[in-house]
Colleague: 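First the structure, then my questions, so here it is.
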Amino acid sequence: MNKKMNKAAVKALLLLPGLFFCAPVLFLLSGSILSRQELRESLLPLMADTDQLITWRFFPMYPTFAHYGKLLFQTPQFFVVFWNSMKITVCILLGQLLIGVPAAWAFAVYPFRFRKVLFTLYIVLMLMPFQVTMLSSYLVLDGLGLMNTQEAIILPAVFSTYPVFLVYRGFCSLPKGLIEAARIDGAGEWMIFAKLGLPLASGGILSAMVLGFLEYWSLIEQPLAFLEDQTLWPLSLYLPEISLEQAGYSFVAAVITLIPAVFVFLAGREYLEQGIAASGMKE
């Protein structure tokens with residue numbers, strides 16, 4: 001009996017923080033189906049800049065999907081920025097597959113000179129925030145004539161060091177004897193990479209792609225610094241442009257923005273855990 005009560009108490013203690021962290025999502029979902037009148041009543045203290053507290057109903061009295069219809073069928077700008085986000089994210093991930101995965105293979109398999117020094121430099125670059133490299137990135141992109149283009153967001157992210165670090169851990173787990181046996185049997189280096197390296201390290205590659213999608217889908221600082229034309233903005237910069245008078249559309253846009261990230265997270269949750277575990281390992 002005591003054990004059951006202890007388990008119930010532990011579950012209750014774990015459930016409360018879970019509900020707390022889920023509250024913003026519930027807030028978005030309920031706000032997206034609130035009628036305009038209910039939103040006005042709830043957000044009036046915020047709009048009028050008064051000392052009154054905001055009141056909120058998680059279960060609307062008169063739920064409506066009018067905000068969804070307005071945003072999805074009468075707001076073409078939303079689809080422009082949604083496509084911009086999808087284009088930027090997909091191009092970055094494809095570029096990282098073409099650049100980062102072979103680079104990780106080279107670090108893990110080939111014992112070239114200064115390999116550890118160069119990999120340590122990769123780790124240092126990975127730890128540097130965008131604010132530190134923003135000015136140098138701006139000067140380089142401006143010199144290449146890429147400012148105010150989506151390539152200014154895509155190209156620096158393609159050469160990011162973080163996916164190299166994650167995929168490198170997966171390649172390091174491959175048995176060295178297996179690679180040597182393939183070479184003795186006459187397999188070329190590209191054949192070994194394609195037939196042995198990619199399949200056996202697919203977990204690390206997928207974890208890098210999942211983490212990359214979750215990061216690049218919500219980029220804010222890089223587009224804000226390098227893009228002036230608002231038609232090139234991603235979805236993450238569109239949301240702050242919606243005024244408080246259009247609060248219903250703001251909630252709907254936030255919900256739709258959340259859907260791809262949630263889908264990718266649920267589909268690649270196992271690989272995401274592998275990536276987080278790999279990032280904490282020492283060489």
Side-chain angles (χ1 to χ4, degrees), residues 18 21-22 24-25 82 84-108 118-134 137 150-174 193 197-226 234-237 239 254-283:
F21 287 112
C22 290
V25 178
F82 188 90
N84 288 340
S85 283
M86 190 63 69
K87 176 184 176 182
I88 290 172
T89 304
V90 171
C91 289
I92 289 174
L93 296 182
L94 290 177
Q96 289 182 351
L97 283 175
L98 295 176
I99 302 297
V101 175
W105 175 259
F107 276 119
L118 186 58
F119 189 76
T120 302
L121 178 62
Y122 262 60
I123 302 301
V124 173
L125 293 175
M126 182 183 70
L127 298 176
M128 296 176 66
F130 172 72
Q131 292 83 356
V132 176
T133 60
M134 180 175 63
S137 299
Q150 292 179 345
E151 286 75 12
I153 311 299
I154 295 172
L155 289 179
V158 165
F159 294 94
S160 172
T161 58
Y162 187 60
V164 177
F165 172 74
L166 284 182
V167 180
Y168 166 82
R169 297 300 180 183
F171 285 141
C172 284
S173 63
L174 299 179
F193 172 68
L198 293 181
L200 295 178
S202 59
I205 296 173
L206 291 175
S207 67
M209 295 299 101
V210 172
L211 287 170
F213 184 92
L214 297 177
E215 176 183 358
Y216 301 121
W217 180 252
S218 57
L219 282 179
I220 292 181
E221 294 175 325
Q222 291 86 339
L224 197 60
F226 301 146
L235 190 56
S236 54
L237 294 186
L239 298 180
V255 170
I256 296 176
T257 304
L258 190 63
I259 290 175
V262 171
F263 176 79
V264 171
F265 172 77
L266 293 177
R269 181 173 55 184
E270 179 181 353
Y271 303 109
L272 180 61
E273 293 173 355
Q274 294 178 8
I276 295 173
S279 63
M281 294 173 60
K282 296 182 179 180
E283 185 178 7

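We're numbering straight along the sequence, starting at 1.
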Colleague: Between A104 and F171, what is the shortest heavy-atom contact and its length?
Modeller: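 Shortest heavy-atom contact: C-CD1, 3.7 Å.
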Colleague: If you measure from CE on M209 to OG1 on T89, what distance do you get to the nearest 0.5 Å?
Modeller: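 It is 12.0 Å, given to the nearest 0.5 Å.
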Colleague: Of all heavy-atom pairs between S207 and G204, which one has the smallest distance, and what is that distance?
Modeller: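 Shortest heavy-atom contact: OG-O, 2.7 Å.
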Colleague: List for me each residue that meets side-chain hydrogen bond (donor to acceptor under 3.5 Å, both in side chains) alongside E221, sequence neighbours excluded, and say none if there are none.
Modeller: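 Q131.
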Colleague: Would you compute the distance between atom CD1 of I153 and atom CD of Q222 and round it to the nearest 0.5 angstrom?
Modeller: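 It comes to 6.5 Å.
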Colleague: Which heavy-atom pair separates P223 from L237 by the least distance, and what is that distance?
Modeller: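 Heavy atoms of P223 and L237 come nearest at CB-CD1, 3.6 Å.
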Colleague: How many angstroms lie between atom CE of M134 and atom CG of L224, to the nearest 0.5 angstrom?
Modeller: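 One finds 9.5 Å between CE of M134 and CG of L224.
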Colleague: Please report the shortest heavy-atom distance between S85 and P234, naming the atom on each side.
Modeller: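 Looking at all heavy atoms of both residues, the shortest contact is OG-CB, 3.2 Å.
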Colleague: Just one of F265, F263, F82 clears the ring pair (Phe, Tyr, Trp, His ring centres under 6.0 Å) bar with W217, so which one?
Modeller: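 It is F82, the one option of F265, F263, F82 that forms the ring pair (Phe, Tyr, Trp, His ring centres under 6.0 Å) with W217.
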Colleague: Taking only distance into account, with no hydrogens and no angle test, what donor-acceptor pairs under 3.5 Å do side-chain atoms of residues 91-103 form with protein atoms, sequence neighbours excluded?
Modeller:
{"from": "Q96", "atom 1": "NE2", "to": "A157", "atom 2": "O", "distance (Å)": "2.9"}
{"from": "Q96", "atom 1": "NE2", "to": "Y216", "atom 2": "OH", "distance (Å)": "3.0"}

Colleague: Find the distance between CZ (F226) and CD (E151) and round it off to the nearest 0.5 Å.
Modeller: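 If I round to the nearest 0.5 Å, the distance is 13.5 Å.
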Colleague: From T161 OG1 over to L125 CG, what is the distance, rounded to the nearest 0.5 angstrom?
Modeller: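 Spacing of OG1 (T161) from CG (L125) equals 5.5 Å.
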Colleague: Nearest 0.5 Å, please: how far is CD1 in I154 from CZ in F159?
Modeller: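 If we round to the nearest 0.5 Å, F159:CZ and I154:CD1 are 12.0 Å apart.
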Colleague: Run the ring-centre check on F119 versus Y168 and record whether the distance is less than 6.0 Å.
Modeller: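 Judged by ring-centre distance (under 6.0 Å), F119 and Y168 do meet the cut-off.
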